[in-house]
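Encoded as structure tokens, the structure appears first; notes follow it.
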2 protein chains.
Amino acid sequence: MVSSKDVAKFAGVSQSTVSRVLNNPRLVDAKTFEKVTKAMKELNYRPNSIARSLVKQQTQSIALISGPLHNPFFVETTTSIVNYSKERGYNVNVHFENFGDNMAVYQDVLNQKVDGIILSSILYEDPIYEELIKSEVPFIMFNRKHKKNGHYVEMDNVQAGRIATEHLLSLNHRKIVWIGGPLSMTTFKGRFDGFKEVMLEKGIEVSDHNCKTTDTSKSDIKKVLQEVLAVKERPTAIFAATDSIAIYLIDLLIEKGYRVPDDISVIGVDNIALSQHNSFQLTTVGMEEEKDLGRIAIEHLIEIINEAPADFINKTYKNKLYNRSTTKKI
Amino acid sequence: MVSSKDVAKFAGVSQSTVSRVLNNPRLVDAKTFEKVTKAMKELNYRPNSIARSLVKQQTQSIALISGPLHNPFFVETTTSIVNYSKERGYNVNVHFENFGDNMAVYQDVLNQKVDGIILSSILYEDPIYEELIKSEVPFIMFNRKHKKNGHYVEMDNVQAGRIATEHLLSLNHRKIVWIGGPLSMTTFKGRFDGFKEVMLEKGIEVSDHNCKTTDTSKSDIKKVLQEVLAVKERPTAIFAATDSIAIYLIDLLIEKGYRVPDDISVIGVDNIALSQHNSFQLTTVGMEEEKDLGRIAIEHLIEIINEAPADFINKTYKNKLYNRSTTKKI
DNA sequence: TTCTTTTATGAATACGTATTCATAAAAGAC
DNA sequence: GTCTTTTATGAATACGTATTCATAAAAGAA
């Protein structure tokens with residue numbers, strides 16, 4: 001391991017001068033600069049980022065706690081976050097949500113020094129919120145949020161739920177089943193509330209038989225779909241709370257011999273890129289804004305890191321219907 | 001920022017003792033241990049990982065340079081790598097291959113102190129190899145490899161190419177087009193070589209019109225497919241060099257009104273999880289081994305970090321046909 | 001010339017931890 | 001009781017950098 005001291009000795013200058021060559025070249029004589037630069041090259045010197053972090057009290061790295069990549073939504077956000085961070089000179093430490101024990105993931109992140117945290121994994125009533133606040137590391141939530149506020153960016157989940165439901169109703173569907181994930185996540189809660197509101201406005205009851213929550217795993221979704229189809233009067237439409245769930249449901253339906261949308265309509269939420277160029281064109285609800293939430297959030301986070309704003313950043317984006325070809329009038 | 005010195009003062013002991021409480025509790029008296037632990041809790045103390053890294057000369061973090069996540073293969077490997085690393089106490093710094101300028105990505109990685117590097121992004125004749133060697137950071141390549149060896153794990157790409165081609169030939173296909181990516185990547189080169197070998201053995205010529213390379217982007221694949229279908233005697237089968245390409249091709253074909261496999265057969269390579277539970281069941285070639293290459297590679301990398309083996313780890317896994325439903329006899 | 005300002009550099013220090021070395025106190029051996 | 005070993009702790013140091021402070025040399029002003 002060659003250090004700045006080695007370079008200094010080699011070039012016949014002090015370590016301070018070597019450091020200045022890197023950080024403040026205008027303070028050093030052209031002749032000296034040349035010597036030192038040559039020595040660096042000669043010795044294949046690379047500044048030790050750890051030592052630099054220690055003295056600068058910043059690591060130029062960000063922790064991402066993401067939902068699982070088998071959900072294409074998180075594929076997009078992770079890509080955005082990693083690439084934009086890099087552009088801005090930050091490294092990204094990636095962690096995945098662990099449904100069994102998220103606390104362990106958080107502890108991991110907090111024990112590692114980072115300049116900021118970006119997370120999609122928080123629950124509406126998550127005790128980790130206090131830990132994050134106590135740690136004093138800037139953090140932003142995207143997609144999901146916490147009841148105590150904090151910085152966050154999200155879509156208007158209730159509105160999304162309303163739009164999807166209104167669309168299905170406008171196509172004359174009445175037997176509609178909502179299939180989503182845990183209501184402890186604000187995305188699912190909001191989208192469900194929107195569904196429920198509109199259904200009740202239309203005078204349709206919402207209960208266990210037309211509202212199904214899963215743990216978002218493929219096996220659980222499969223099980224739930226089985227239940228839904230087993231009923232004597234099977235639904236004519238499914239409102240999947242995410243595109244990821246919608247896509248998997250459609251795969252299952254096709255496998256079982258159903259035609260979508262002829263036999264059954266399916267609508268999702270998120271408008272993930274995949275929904276536009278698949279063998280089927282998924283009808284979905286998504287943000288009017290074209291940047292994805294990951295990208296929006298990481299831009300804000302870096303801004304927060306550099307400027308420490310007094311107020312919380314809270315953005316809730318409006319949605320619209322992306323009417324494609326997995327829903328149909330009956 | 002509360003330091004071990006603060007804890008020491010609060011507990012009325014020296015900083016050394018605080019450090020010992022964390023790293024060698026058996027060296028400290030039970031009474032003292034209690035006092036210090038309480039002080040830590042009281043002050044909400046978290047050891048500074050940067051300072052620790054500096055003195056220990058290890059960061060407990062690994063850099064991953066991955067292919068893009070829009071290829072589901074890398075979704076699987078990234079998930080494996082991040083999760084397994086976490087299990088073993090390592091953090092993962094994620095970077096994505098940048099086709100325009102990969103050198104910038106590598107420089108980024110080398111400027112950041114990590115204990116090891118795992119990469120899928122290397123080319124057969126990549127100048128970065130020398131840089132990696134010079135940096136003295138342990139690294140392993142997965143999926144792709146370099147002509148100069150180094151640690152790597154891969155599938156037998158030539159064999160995969162042979163199996164896929166033999167399968168299509170056994171179904172009486174003769175007009176077969178190979179669609180892949182840059183031959184500077186060993187995956188594509190090997191799979192193409194296998195294809196070519198078998199075709200030539202059968203006496204079928206391989207030239208520009210039945211061998212198409214893309215940059216693996218959707219737009220380029222689309223363009224190439226157009227060319228392929230525009231020929232008067234259009235192919236009856238397509239050998240897609242990766243499942244990712246295969247899946248996208250099938251989407252495009254269906255969009256254009258072709259039936260797969262009735263009008264045209266498609267086979268892929270990789271056996272990604274997605275290929276098994278999609279609306280279509282992709283016929284593909286994949287490893288006999290059930291662990292994915294990312295997982296295999298990260299296990300080896302951590303072993304290399306801890307044991308510095310004398311010899312290079314070189315593993316080439318054998319493949320088999322996963323005969324599902326996107327290929328058909330004619 | 002003489003005094004002041006600027007430029008270029010090195011010495012010293014700080015960042016927060018782990019670890020070695022020295023030592024005082026306690027425990028054990030006899 | 002004395003001598004040896006063990007236990008517990010603090011002081012000092014190292015990790016590799018950035019930065020402040022001091023100072024010598026050079027340049028500019030008069």
Side-chain angles (χ1 to χ4, degrees), chain A residues 1-40 43-61 89 91 110-115 135-137, chain B residues 1-40 43-61 89 91 110-115 135-137:
Chain A
M1 151 99 297
V2 31
S3 72
S4 58
K5 234 176 245 172
D6 299 324
V7 174
K9 187 174 294 176
F10 189 94
V13 299
S14 74
Q15 182 268 329
S16 326
T17 299
V18 175
S19 178
R20 273 189 282 257
V21 166
L22 289 169
N23 303 288
N24 245 335
R26 55 179 197 75
L27 290 185
V28 32
D29 185 72
K31 202 81 180 168
T32 316
F33 182 90
E34 199 59 35
K35 261 195 315 189
V36 173
T37 307
K38 208 178 121 201
M40 285 178 172
L43 300 178
N44 193 33
Y45 168 71
R46 276 177 198 280
N48 185 315
S49 60
I50 297 298
R52 174 176 284 170
S53 291
L54 183 59
V55 44
K56 296 278 286 276
Q57 294 288 69
Q58 48 170 328
T59 59
Q60 293 297 111
S61 64
N91 267 25
L110 290 176
N111 287 334
Q112 189 74 11
K113 225 73 187 169
V114 291
D115 294 347
S135 80
E136 293 179 12
V137 180
Chain B
M1 149 102 298
V2 32
S3 73
S4 57
K5 233 176 246 173
D6 298 326
V7 174
K9 186 174 295 177
F10 189 94
V13 299
S14 74
Q15 181 268 330
S16 326
T17 299
V18 175
S19 177
R20 271 189 285 260
V21 166
L22 289 169
N23 303 288
N24 245 334
R26 54 180 197 76
L27 290 185
V28 33
D29 186 72
K31 203 79 182 169
T32 317
F33 182 90
E34 199 60 33
K35 258 193 318 188
V36 173
T37 307
K38 208 179 123 201
M40 285 177 172
L43 300 177
N44 192 32
Y45 169 70
R46 277 178 198 279
N48 185 316
S49 61
I50 297 297
R52 175 177 283 168
S53 291
L54 183 59
V55 45
K56 296 277 286 275
Q57 295 287 72
Q58 47 170 329
T59 59
Q60 292 297 110
S61 64
N91 267 25
L110 290 175
N111 286 335
Q112 190 74 11
K113 224 74 187 168
V114 291
D115 294 347
S135 80
E136 293 179 12
V137 180

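Each chain gets a letter, A, B and so on, in the order its sequence line appears, and its residues count up from 1.
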Taking N or O atoms only and anything under 3.5 Å, show me the protein contacts with nucleotides 6-12 of chain D, one pair per line.
| from | atom 1 | to | atom 2 | distance (Å) |
| --- | --- | --- | --- | --- |
| D/dT9 | OP1 | B/T32 | OG1 | 2.4 |
| D/dT9 | OP2 | B/D29 | N | 2.9 |
| D/dT9 | OP2 | B/T32 | OG1 | 3.4 |
| D/dG10 | OP1 | B/S14 | N | 3.4 |
| D/dG10 | OP2 | B/S14 | N | 2.8 |
| D/dG10 | OP2 | B/S14 | OG | 2.8 |
| D/dG10 | OP2 | B/T17 | OG1 | 2.5 |
| D/dG10 | N7 | B/R20 | NH2 | 2.8 |
| D/dG10 | O6 | B/R20 | NH1 | 3.4 |
| D/dA11 | N7 | B/S16 | OG | 3.3 |
| D/dA11 | N6 | B/S16 | OG | 3.0 |

| Mate of C/dT23 where both pairing distances stay under 3.5 Å, Watson-Crick or G-U | D/dA8
| field | Atom pair distance, as rounded to whole Å: CZ in A/R46 and C1' in D/dT17 | value | 17 Å
| request: Check the distance between C/dA14's P and B/M1's CE and give it to me in whole angstrom. | output: 18 Å
| field | Distance test, side-chain N/O of B/N48 to OP1/OP2 of C/dT17, below 4.0 Å | value | no
| Nearest of C/dT17, D/dG16, D/dA18 to any side-chain atom of B/L54? | D/dG16
| query | Roughly, in whole Å, what's the span from CD in A/Q58 to P in C/dC15? | reply | 16 Å
| query | Given D/dG16, is OP1 or OP2 found less than 4.0 Å from the side-chain N or O atoms of A/S4? | reply | no
| Could you give the CG-to-P distance, from A/N23 to D/dT17, as a whole number of Å? | 10 Å
| query | Could you state the NZ-P distance from A/K5 to D/dT13, rounded to the nearest angstrom? | reply | 13 Å
| Nearest to the side chain of B/S19 - D/dG16, C/dT19, C/dG16? | C/dT19
| request: To the nearest Å, give me how far apart CG (B/N111) and P (D/dG16) are. | output: 17 Å
